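Right, one structure below, let's go through it.
Fair warning: this is a prediction, and the values are worked out from it, not measured in the lab. All heavy atoms count here, side chains included; hydrogens, waters and symmetry mates do not.
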Amino acid sequence: MHENLKKFERLGAEWALVQSFTPAYGATDPVVFLKELVRDMRVAAIVAGENYTFGAKGRGDAALIRDMAHMQGYLAEIVPPVMDGDVMCSSTLIRQLLASGETEHAQRLLHIE
């Protein structure tokens, strides 16, 4: 977690909220989650990958983020997946590369300098 916070800082973030994951938190309805997030954090924009899911049973998705943007007053930026040739980059792919010793390949995909 500390490494991710340092990356955010290098990218210009002045603060970050770290939310512990609990079963109750994971069971939050996606619409309720977005409404509370926007209200409590005064969200101005949400950036998510087009295959991102969240909320109870993964029912929230990029389409929901986009659909609720106007009603909730935030900007939605949905980004396409990062591709490595014809393979979509994912945390699973990164873990596989690291496990097989392909650290340079993993670093390139993660844009680590």
Side-chain angles (χ1 to χ4, degrees):
M1 178 62 64
H2 182 71
E3 287 181 29
N4 288 338
L5 292 174
K6 284 292 185 189
K7 288 177 191 174
F8 289 151
E9 185 178 16
R10 284 193 303 268
L11 291 170
E14 295 179 14
W15 59 272
L17 171 69
V18 178
Q19 173 66 49
S20 298
F21 187 85
T22 65
Y25 186 68
T28 304
D29 177 80
V31 171
V32 171
F33 175 81
L34 278 176
K35 286 182 178 180
E36 290 178 356
L37 180 72
V38 171
R39 180 194 69 218
D40 296 346
M41 299 297 299
R42 295 180 286 161
V43 169
I46 296 176
V47 179
E50 64 185 37
N51 62 343
Y52 176 65
T53 61
F54 64 97
K57 300 181 182 173
R59 291 189 316 250
D61 59 13
L64 178 64
I65 292 170
R66 188 182 311 111
D67 293 346
M68 289 185 63
H70 181 70
M71 180 177 62
Q72 294 296 310
Y74 61 86
L75 299 174
E77 180 71 28
I78 308 304
V79 296
V82 173
M83 302 298 290
D84 184 35
D86 60 346
V87 176
M88 183 173 66
C89 295
S90 66
S91 56
T92 301
L93 174 62
I94 299 299
R95 284 191 295 272
Q96 289 171 344
L97 291 170
L98 293 172
S100 66
E102 298 182 56
T103 55
E104 287 182 19
H105 189 177
Q107 289 175 336
R108 181 176 53 79
L109 296 177
L110 292 169
H111 305 286
I112 296 175
E113 299 173 2

Residues forming a side-chain contact (heavy atoms from CB on, under 4.5 Å) with Ala62, sequence neighbours excluded = Ile78
inquiry  = If you define the side chain from C-beta out and look only at heavy atoms, does anything of Leu97 sit under 4.5 Å from Thr103?
reply    = no
ask   = If we only count heavy atoms from C-beta on, is the Gln72 to Leu34 side-chain gap below 4.5 Å?
value = no
task = Report the C-alpha separation of Glu3 and Lys6 in whole Å, then their side-chain angles, then the decisive distance to 0.1 Å, and conclude whether the salt bridge (charged side-chain N to carboxylate O under 4.0 Å, His left out) test is met.
result = CA-CA 5 Å; Glu3 287 181 29; Lys6 284 292 185 189; over 6 Å; no
Of all heavy-atom pairs between [X] and [Y], which one has the smallest distance, and what is that distance?
X	Y	result
Pro30	Gly60	CG-N, 3.3 Å
Ile94	Ala106	CD1-O, 4.1 Å
Tyr74	Leu64	OH-O, 4.4 Å
Tyr25	Ser20	CD2-O, 4.1 Å
Asp61	Phe54	N-CE2, 3.5 Å

Is [X] linked to [Y] within one hydrophobic cluster, defined over Ile, Leu, Val, Met, Phe, Trp and Tyr using a side-chain heavy-atom separation of less than 4.5 Å?
X	Y	result
Leu98	Val87	yes
Leu17	Phe21	yes
Met83	Leu109	no
Trp15	Leu37	yes

task = Only pairs at least two apart or in different chains count here, so list each salt bridge (charged side-chain N to carboxylate O under 4.0 Å, His left out) that has a residue in residues 33-57.
result = none
request  = Dump the intermediate steps for side-chain contact (heavy atoms from CB on, under 4.5 Å) on His105 and Asp84, then the final yes or no.
outcome  = CA-CA 10 Å; His105 189 177; Asp84 184 35; 2.7 Å; yes
Identified side chain to side chain contact (heavy atoms under 4.5 Å, CB included) counterpart of Tyr52 within the set Val79, Ile65, Ile46 = Ile65
key: Within 6.0 Å of CD in Glu104, more than 12 heavy atoms from elsewhere   = no
task = Mind checking the CE-CZ spacing from Met68 to Phe33? Nearest 0.5 Å is all I need.
result = 11.0 Å
ask   = For the atom pair NZ (Lys7) and NE2 (His2), what is the distance rounded to the nearest 0.5 Å?
value = 12.0 Å
request  = Go through the steps for Met88 and Leu93 under the test side-chain contact (heavy atoms from CB on, under 4.5 Å), then give the verdict.
outcome  = CA-CA 8 Å; Met88 183 173 66; Leu93 174 62; over 6 Å; no
